[in-house]
Amino acid sequence: MKNLNYVVLDFETANGSRTSPCSIGMVKYINGEKHSEYYQLINPEEYFYQSNIRIHGIYPEDVWDQPTWGQVYPSVMQFIGDLPVAAHFATFDINVFRATTEKYDITLPTNLYFCSCILSKKILPLPSHKLNIVADYFGLTFEHHHALEDSIVAANIVRELANIQRTDTISDLVDSIGYQFGQINGTNFITKKTNKKRA
């Protein structure tokens, strides 16, 4: 797995809006091994739903003196670099990334992204592919709905799936399920289009 390089991220949000991240966790894997971690509370400059607080345990007073996404963004991108980015249920997390970056009038990066949940759906015969269910399958324990803990376990899941598929690169792993990368500043993570020849 010398070329298995990627970053997994996870957001927790203050409310139902995709522009309200109150924390971000990230894990970087280089050559198939955990390289580094990143965690940061974020002031979303938005109100908090009690329902969200019950899920992640982050209160408004916890983030009053924390940086905004606009202030955090440079260190986030320094951590990610040019690596492909993953999230478990990327439809949520990548859209939080997109919407909040645009909220602060920052140009979106061109990084490729993929979804560890979709990977697990295509590879593992489970009744559900929620993060905690897939983690249980691999014997992984974690504190659910903590951004760093969620990103750590999702990063482990990606590595385990690469092992199952016997792939040494993220590109080969994505290709093995018939998908193509999404791009943070554009396209979504979708199945590859096949050119069917007419008889």
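The chain is numbered in sequence order, starting from 1.
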Before you tell me yes or no, could you show the steps for Leu148 and Tyr38 under side-chain contact (heavy atoms from CB on, under 4.5 Å), namely the whole-Å CA-CA distance, both residues' side-chain angles and the distance that decides it to 0.1 Å?
CA-CA 7 Å; Leu148 181 57; Tyr38 178 104; over 6 Å; no
Side chains of [X] and [Y]: donor-acceptor distance under 3.5 Å anywhere?
{"X": "Thr68", "Y": "Glu45", "value": "no"}
{"X": "Gln66", "Y": "Gln71", "value": "no"}
{"X": "Asn188", "Y": "Tyr113", "value": "yes"}
{"X": "His129", "Y": "Ser120", "value": "no"}

Exercise: identify the closest heavy-atom pair between Pro109 and Met77:
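Closest approach of Pro109 to Met77, heavy atoms only: CB-CE, 3.6 Å.
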Of the non-hydrogen atoms in Lys103 and Pro44, which two are nearest, and what is the gap between them?
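Scanning both residues, the minimum pair turns out to be NZ-O, 3.0 Å.
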Quick one: does [X]'s side chain have a donor or acceptor within less than 3.5 Å of a partner on [Y]'s backbone?
{"X": "Asn111", "Y": "Gly81", "value": "yes"}
{"X": "Asp62", "Y": "Ile58", "value": "no"}
{"X": "Asn43", "Y": "Pro67", "value": "no"}
{"X": "His56", "Y": "Thr13", "value": "yes"}
{"X": "Lys28", "Y": "Phe79", "value": "yes"}
{"X": "Asn15", "Y": "Tyr47", "value": "yes"}

Count the heavy atoms of every other residue, nucleotide or ligand shown that sit under 6.0 Å from [atom1] of [X], and state whether that count exceeds 12.
{"X": "Tyr104", "atom1": "OH", "result": "yes"}
{"X": "Lys122", "atom1": "NZ", "result": "no"}
{"X": "Glu61", "atom1": "CD", "result": "yes"}

Are [X] and [Y] an aromatic pair by the rule of ring centers under 6.0 Å?
{"X": "Tyr179", "Y": "Phe189", "result": "yes"}
{"X": "Phe97", "Y": "Trp69", "result": "yes"}
{"X": "His146", "Y": "Tyr39", "result": "yes"}

Any link between [X] and [Y] through a network of hydrophobic side chains (Ile, Leu, Val, Met, Phe, Trp, Tyr) touching at under 4.5 Å?
{"X": "Phe11", "Y": "Tyr59", "answer": "yes"}
{"X": "Val96", "Y": "Leu108", "answer": "yes"}
{"X": "Ile55", "Y": "Leu131", "answer": "no"}
{"X": "Phe89", "Y": "Leu126", "answer": "yes"}
{"X": "Ile184", "Y": "Ile106", "answer": "yes"}

How many angstroms lie between [atom1] in [X] and [atom2] in [Y], if you round to the nearest 0.5 Å?
{"X": "Ile170", "Y": "Asp175", "atom1": "CD1", "atom2": "CG", "value": "12.5 Å"}
{"X": "Leu173", "Y": "Thr167", "atom1": "CG", "atom2": "OG1", "value": "4.0 Å"}
{"X": "Ile152", "Y": "Glu143", "atom1": "CD1", "atom2": "CD", "value": "10.5 Å"}
{"X": "Thr107", "Y": "Asp105", "atom1": "OG1", "atom2": "CG", "value": "9.0 Å"}
{"X": "Asn5", "Y": "Asn3", "atom1": "CG", "atom2": "CG", "value": "6.5 Å"}
{"X": "Ile157", "Y": "Ser116", "atom1": "CD1", "atom2": "OG", "value": "6.0 Å"}

Could you check Ser23 against Glu12 for side-chain hydrogen bond (donor to acceptor under 3.5 Å, both in side chains), going step by step and ending with a plain yes or no?
CA-CA 5 Å; Ser23 70; Glu12 298 298 331; 5.7 Å; no
Is the closest side-chain heavy-atom distance between [X] and [Y] below 4.5 Å?
{"X": "Asn132", "Y": "Phe142", "result": "yes"}
{"X": "Phe48", "Y": "Ser20", "result": "no"}
{"X": "Ile94", "Y": "Phe114", "result": "no"}
{"X": "Val76", "Y": "Ile24", "result": "yes"}
{"X": "Asp10", "Y": "Val27", "result": "no"}

Using the rule given for side-chain contact (heavy atoms from CB on, under 4.5 Å), can you reason through Ile123 versus Ile177, listing the C-alpha separation, both sets of side-chain angles and the distance that settles it, and then say yes or no?
CA-CA 8 Å; Ile123 297 169; Ile177 66 163; 3.9 Å; yes
Can you list everything that forms a side-chain hydrogen bond (donor to acceptor under 3.5 Å, both in side chains) with Glu149? Sequence neighbours excluded, please.
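Applying side-chain hydrogen bond (donor to acceptor under 3.5 Å, both in side chains) to Glu149 gives none.
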Qualifying residue, where the test is side chain to side chain donor-acceptor pair (under 3.5 Å) with Thr19 and the options are Arg98, Glu102, Glu46
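Result for side chain to side chain donor-acceptor pair (under 3.5 Å) with Thr19: Glu46.
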Presence of salt bridge, Arg159 and Glu33, under 4.0 angstrom:
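Answer for the salt bridge query: yes.
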Carefully, step by step, assess Leu83 and Ile30 under the rule side-chain contact (heavy atoms from CB on, under 4.5 Å).
CA-CA 10 Å; Leu83 293 175; Ile30 300 294; 4.0 Å; yes
Decide side-chain contact (heavy atoms from CB on, under 4.5 Å) for Thr101 and Tyr73; before the verdict, give the C-alpha distance in whole Å, the side-chain angles of both, and the deciding distance to 0.1 Å.
CA-CA 8 Å; Thr101 302; Tyr73 183 82; 3.9 Å; yes
With Ser151, the side-chain contact (heavy atoms from CB on, under 4.5 Å) member among Leu9, Val8, Val7
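So the option named by the test is Val8.
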